[in-house]
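Just so it is clear, the structure is predicted and the values come from calculations on it, not from any experiment. Quick note on labels: first sequence line is chain A, next is B, and so on, each numbered from 1.
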Amino acid sequence: MQLSPLEIIRRESLQKLRELGINPYPAEEFKTTATIKDILANFDAFEGKEVVLAGRMMSRRIMGKASFAELKDASGRMQIYINRDEISSDDEGTMYNTVFKKLLDMGDIIGIKGDVFKTKVGEESVNVKELTVLSKSLRPLPVVKTGADGKVHDAFSDAELRYRQRYVDLIVNDHVKETFIKRTKITNSIRDFFNKRNYLEVETPILQPIPGGAAARPFKTHHNALDMPLYLRIANELYLKRLIVGGFDAVYEFSKDFRNEGMDRTHNPEFTVMELYVAYKDYHWMMNMTEELLEKVAMDSNGTPEVQIGENMVSFKAPYPRVPILEAIKIHTGFDVAGMGENELKEVCKKVGVAVDETMGIGKLIDELFGSTCEHHYIQPTFITDYPKEMSPLTKEHRSNPALTERFELMVNGKELANAYSELNDPIEQRARFEEQLKLTEKGDDEAMFIDQDFLRALEYGMPPTSGIGIGIDRLVMFMTNNSSIQEVLFFPQMRPEKKAVEMSEDEKAIFNILKANSPMLLNDLKTQSGLSNKKWDKTIKDLTKKNIAKINNTEEGLFVELGK
RNA sequence: GACCUGGUAGCUCAGUUGGUAGAGCACCUCCCUUUUAAGGAGGUGGUCCUGGGUUCGAGCCCCAGCCCGGUCACCA
């Protein structure tokens, strides 16, 4: 491993600490007596009192025999004051002159014991009397400074570095931590709301033999012992409904779902959906519940129902308008598409500039129409209701119009936040709808649904009328924290693997150089030219292929070696 | 998948018609006992994303590729 000069210095400091008899990674518990947030919030009560704190040293101002440093613990940051004669026990002032000034660095984790006080200029500080090294940091952190005016200098802002090394992002960018704390507040708020109603939080399979409950391309894997394919779930809907069949009145799950599709700033291959199913309810009830829930979530996470989302101020205060989708299309395009067939719909699409193709059925056409002409208009929370049957295979037929279903999507800031139905519980109708989906598959829609026979069997035993909802948690967190990228609300968003610099041995380099000159070449020629012994040749070429530097091809003309990617 | 930006020191970024690779912070040495983007003096540090090409000479121009980001397509 190639170390930078800064890293070498830190490793030398580590060694010198050991030589002084200081363990840079001590095992003992370090008992703290306060948190920085507490001290700052109740300064008068702490002033003059002794505290023990632990945290990371984020900056240092050394002024001869005294220094100031910034200590950051999990709760906040505060200044500490370190005086040579206060922390050193010997005449040389080793603890100060050598340990603190020379061997410690920004980023080191230390424990301090000292008295709370206020400096001449009024900064709340701790006058350190004892300093303990708790963990030496071997890599330099990005240096971010904040001016007196709150202006941040040299912010650690490179998105790639921030996502790949989220731990660094969390250390130096305090607002990032706030986002994730808020994320947990949001999910806690939802759990609290449901648990108070005695809804049961459950867990259902992530590895599924049939990926059902949504239309999306799944990730496929393989179980060795069973020798069968398994899929990572794209939704958990069909399993939660089985539990409603089993007699639970209300079940919910925060479900990590996986979809093998494109990635952009609103899509990550793994994401979180909260799905809830409540027996004996319908989608009207579900809209009422959703309004109530989201207003509470906004209050719990932000203290107000008003949330700034980009340029828009969005209010989650209930109630929200309810607009049938065909009505929305009429409002925004002027076309009444109710009852139209496929060809008529395609005409309308063409007139309003929506691209169509052969695989699109009525459902997809209406969805496209809504998506491109209406969706972006709904900034304030709005329930779009009564979707056409073709695009909702798991939804109960509308009680007063057989062409529609009892479904709603909740639009916020022009994006879908939730999707809910009066669930289809007629097993015969459900089987027919699945078969419709199968036809779509044959037509070329690779995202149409699979048929889950066991789910149909469950429905045949009888499922009570039920309403269900799925809420996109990542999106909800994006709204509540005013982030426009899903990567900002996931600790570890999916990234392409970093390319690692592959290190080669001398033998490997020699073969690599021969190969570079004439790839591909006959394996035997390469072996001869390398001049290696049989054993050495075998090990070297195997290591090269393992590292994907070389590739062996068995062709009719013989064994060839070529450069890998 | 298509198009557009970008990739230079540990971090944030400059880099002129193609002519010795720069700044601030960080780091190292020294001074400094209530400072705060601490200050003062001096110094170290580079695979200019990778590989080709053009050229006497490439961080810069050309070609191919890699990676991040953005826009679009896709995502009921």
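The environment of A:Glu429 atom CD is dense: over 12 non-hydrogen atoms of other residues, nucleotides or ligands sit within 6.0 angstrom.
B:rG69 atom C1' lies 12 Å from atom CZ of A:Arg164, rounded to whole Å. Across the protein-nucleic acid pair, A:Asn127 atom CG and B:rU34 atom P stand 12 Å apart, rounded to whole Å. Atom CG in A:Asn260 sits roughly 13 Å away from atom C1' in B:rC74 (whole-Å rounding). When the C1' atom of B:rC30 is taken as reference, atom NZ of A:Lys101 falls 10 Å away, rounded to whole Å.
Residue A:Lys389 is classed as having no contact, given no heavy-atom separation below 4.0 Å to the nucleic acid. The residue A:Leu141 sits apart from the nucleic acid: no heavy atom pair falls under 4.0 Å.
Taking atom P on both B:rC60 and B:rG19, the two are 11 Å apart, rounded to the nearest angstrom. Taking atom P on both B:rG22 and B:rG59, the two are 13 Å apart, rounded to the nearest angstrom. Comparing the P positions of B:rA58 and B:rG65 gives a spacing of 23 Å, expressed to the nearest Å.
The partner of B:rG19 is B:rC56, by the rule that a Watson-Crick or G-U pair needs both atom distances under 3.5 Å. Across all strands shown, B:rG42 pairs with B:rC28; the Watson-Crick or G-U wobble distances both stay below 3.5 Å.
Between the side chain of A:Asp154 and the base of B:rG24, at least one donor-acceptor pair of N or O atoms lies under 3.5 Å. Between the side chain of A:Glu70 and the base of B:rU36 there is no donor-acceptor pair of N/O atoms closer than 3.5 Å.
Ranked by how close their nearest RNA chain B nucleotide is to the 5' end, A:Ser59 and A:Lys118 are led by A:Lys118. The residue among A:Arg60 and A:Val144 whose nearest nucleotide of RNA chain B is located toward the 5' end is A:Val144.
In this structure, A:His332 and A:His377 have parallel ring planes: the angle between them is below the 30° cut-off, well short of the 60° mark.
Among the nucleotides B:rA38, B:rC25, B:rU36, the one closest to the side chain of A:Glu123 is B:rU36. Each of B:rU33, B:rA37, B:rC13 was ranked by its minimum atom distance to the side chain of A:Ala148; first place goes to B:rA37.
Of the N and O atoms on the side chains of A:Asn127 and A:Ser125, not one donor lies less than 3.5 Å from an acceptor on the other residue.
In this structure, A:Glu344 contributes its side chain and A:Gly341 its backbone to a donor-acceptor pair below 3.5 Å.
Just one of A:Tyr378, A:Tyr283, A:Phe408 meets the ring pair (Phe, Tyr, Trp, His ring centres under 6.0 Å) condition when paired with A:Phe383; it is A:Phe408.
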